[in-house]
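What's counted below: heavy atoms across the whole structure, side chains too, no hydrogens, waters or symmetry copies. Values in this document were obtained by computation on a predicted structure and should not be read as measured data.
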Amino acid sequence: MKYYFLGKSGLRVSELALGTMTFGTDWGWGAGTDEAQNMLDIYLDRGGNFVDTASGYTNGSSEKMLGEILGERRNRIVLATKYTMNTHQGDPNAGGNHRKSMIRSVEASLSRMKTDHIDLLYLHSWDNTTPVEEVLRAMDDLVRAGKVLYVGISDTPAWQISRMQMIADLRGWSPLVALQNEHSLIERTSERELTPMAQEMGLGVVVWSPLANGLLTGKYSREELQQHSKDSEGWSSRVTMMANHGMLNERVFNIVDEVKKVADEVNAPAAHVALAWLRAQKSVTSILLGASKVGQLESNLDMLDMQLTEEQLQRLDTVSAIELGFPHKYLNDPTNLWGVFGGVAVERR
């Protein structure tokens with residue numbers, strides 16, 4: 001296990017993080033206390049130190065379970081949680097990004113996790129209504145009070161995050177040090193704006209859904225996925241969800257095929273290949289691993305022993321490539337570069 005600084009902070013986090021959205025069975029699936037305890041033990045034994053949860057995961061059971069099983073190991077981990085999601089249906093102030101929601105959520109999280117501080121507090125999802133100054137000042141108040149050590153953000157447009165970071169810097173408030181967003185061989189659109197923004201503005205990137213809802217585990221054949229994209233009856237609810245969200249198409253089928261080919265070459269599970277590709281991306285600080293069973297977590301942790309060749313990484317890059325769109329394509333066009341630099345080759349240091 002390797003450790004990296006989280007953004008422009010001195011905080012060190014492991015390259016693989018333990019996602020605990022599966023801790024608790026309130027949603028009809030997930031891990032009970034004993035299974036969660038075993039997964040946490042295995043993760044820590046393998047060198048992990050970055051545990052991720054949220055106030056809304058399994059209706060608060062995830063945080064409560066962590067509070068019960070962490071014990072004296074609490075201070076050896078970086079404990080991250082999130083606020084935003086409504087926890088009391090019918091109450092319009094029980095969710096959102098505003099100060100009341102934030103303070104209420106943090107106090108509840110501290111109580112459930114039996115700790116006096118949260119190492120990293122994320123804004124979970126942008127609500128498109130709360131003034132950014134209100135969010136940033138409330139976060140800074142929590143940091144000054146010692147209830148939160150670092151702050152981050154998730155599922156928010158790049159332009160809004162960069163604006164927030166500038167305001168925090170100008171006003172001397174606590175900066176955002178982490179960005180959590182979806183990223184995988186199948187979902188690479190964050191590379192258009194979010195990833196370069198995070199690198200420029202000093203946020204460490206923590207990736208969720210690295211296996212694209214299970215598509216990159218290789219457990220579904222091309223034929224099965226093609227058939228399901230046409231007829232969803234008689235299939236699992238997860239694949240039905242993917243089909244309904246337009247995730248099953250020729251590009252996805254080609255990516256899954258290539259991942260399986262590389263997996264055969266290295267004699268390893270397809271999931272290891274997908275995770276190894278992400279691990280090779282210099283922009284990625286940590287990858288969230290979510291599992292509901294010990295075996296799943298153990299298998300994913302075994303990818304630490306894998307090293308793909310440059311040729312294999314290039315093949316995966318090529319099959320999963322996306323159009324960056326305007327203005328990126330225009331600005332990198334040779335004709336435009338010639339017009340700017342007059343035919344002189346100019347490279348970044």
Side-chain angles (χ1 to χ4, degrees), residues 3-9 11-23 43 48-58 62-63 66 77-85 95-97 102 105-106 109 118-128 132 135-136 139 142 148-165 168 174-184 186-213 275 278-279 281-291 300:
Y3 304 88
Y4 298 105
F5 290 108
L6 186 62
K8 289 185 178 178
S9 77
L11 187 66
R12 299 159 175 84
V13 297
S14 53
E15 60 183 321
L16 297 180
L18 179 62
T20 65
M21 188 172 70
T22 56
F23 282 21
Y43 173 72
N49 80 335
F50 197 10
V51 179
D52 181 272
T53 185
S55 61
Y57 286 170
T58 52
S62 174
E63 289 186 333
L66 281 173
I77 68 165
V78 175
L79 183 58
T81 192
K82 313 176 194 72
Y83 90 98
T84 294
M85 301 309 177
N97 300 152
M102 186 191 303
S105 181
V106 165
S109 294
I118 294 165
D119 295 319
L120 173 62
L121 175 69
Y122 288 101
L123 180 153
H124 200 161
S125 181
W126 189 243
D127 67 8
N128 288 304
V132 295
V135 173
L136 292 168
M139 284 181 161
L142 286 170
V148 170
L149 303 187
Y150 298 92
V151 291
I153 196 163
S154 174
D155 303 346
T156 300
W159 69 267
Q160 191 66 273
I161 298 172
S162 59
R163 176 171 171 252
M164 293 172 73
Q165 196 74 320
S174 300
L176 302 168
V177 302
L179 166 66
Q180 193 171 126
N181 62 262
E182 184 177 7
H183 194 186
S184 71
I186 288 175
E187 179 48 77
R188 294 184 60 181
T189 55
S190 61
E191 296 175 20
R192 290 175 177 148
E193 300 292 344
L194 284 163
T195 297
M197 178 279 302
Q199 292 179 296
E200 184 70 21
M201 305 300 290
L203 287 80
V205 175
V206 181
V207 174
W208 60 265
S209 196
L211 299 177
N213 289 298
L275 293 171
L278 264 178
R279 189 185 183 206
Q281 307 307 304
K282 293 182 179 180
S283 59
V284 174
T285 301
S286 189
I287 303 169
L288 275 168
L289 300 180
N300 287 337

What's the shortest heavy-atom distance between [X] and [Y], and which atoms?
X: Val205; Y: Ser283; value: CB-O, 3.4 Å
X: Ser190; Y: Glu182; value: OG-O, 3.6 Å
X: Ser184; Y: Ser209; value: CB-O, 3.7 Å
X: Tyr43; Y: Ala17; value: OH-CA, 3.4 Å
X: Asn97; Y: Ser125; value: ND2-O, 3.0 Å
X: Leu194; Y: Thr156; value: CD2-O, 3.4 Å

Taking the side chain as every heavy atom from C-beta outward, state whether [X] and [Y] have any pair of such atoms under 4.5 Å apart.
X: Leu176; Y: Met139; answer: yes
X: Val51; Y: Leu66; answer: yes
X: Val132; Y: Trp126; answer: yes
X: Tyr83; Y: Thr81; answer: no
X: Thr84; Y: Asp155; answer: no
X: Phe5; Y: Arg12; answer: yes
X: Val78; Y: Leu6; answer: no
X: Ile118; Y: Leu79; answer: no

Please lay out, stage by stage, how Ile153 and Val135 fare under the test side chain to side chain contact (heavy atoms under 4.5 Å, CB included). CA-CA 11 Å; Ile153 196 163; Val135 173; over 6 Å; no
Closer than 3.5 angstrom, by distance alone: can the side chain of [X] be matched with the main-chain N or O of [Y] as a donor-acceptor pair?
X: Ser62; Y: Thr58; value: no
X: Ser105; Y: Met102; value: no
X: Thr22; Y: Gly290; value: no
X: Ser55; Y: Lys82; value: yes

Just do the side chain to side chain donor-acceptor pair (under 3.5 Å) check on Thr53 and Glu63 with the steps written out, would you? CA-CA 7 Å; Thr53 185; Glu63 289 186 333; 4.9 Å; no
Can you check side chain to side chain contact (heavy atoms under 4.5 Å, CB included) on Met197 and Ile161, steps first, answer last? CA-CA 8 Å; Met197 178 279 302; Ile161 298 172; 3.7 Å; yes
Could you state the interatomic distance from [atom1] ([X]) to [atom2] ([Y]), rounded to the nearest 0.5 Å?
X: Leu121; Y: Tyr150; atom1: CG; atom2: OH; result: 14.0 Å
X: Asn49; Y: Leu16; atom1: CG; atom2: CG; result: 11.0 Å
X: Ile186; Y: Asn213; atom1: CD1; atom2: CG; result: 9.0 Å
X: Phe50; Y: Ile287; atom1: CZ; atom2: CD1; result: 12.0 Å

Side chain to side chain donor-acceptor pair (under 3.5 Å) with His183: which of Glu191, Arg188, Gln281? Glu191
Verify side chain to side chain contact (heavy atoms under 4.5 Å, CB included) between Tyr57 and Asp52, making sure each step is shown before the conclusion. CA-CA 10 Å; Tyr57 286 170; Asp52 181 272; 4.2 Å; yes
Test side chain to side chain contact (heavy atoms under 4.5 Å, CB included) on Leu11 and Leu149; report intermediate values, then the result. CA-CA 10 Å; Leu11 187 66; Leu149 303 187; over 6 Å; no
Report, as yes or no, whether the 6.0 Å neighbourhood of atom CD on Gln160 holds more than 12 heavy atoms from other residues, nucleotides or ligands. yes
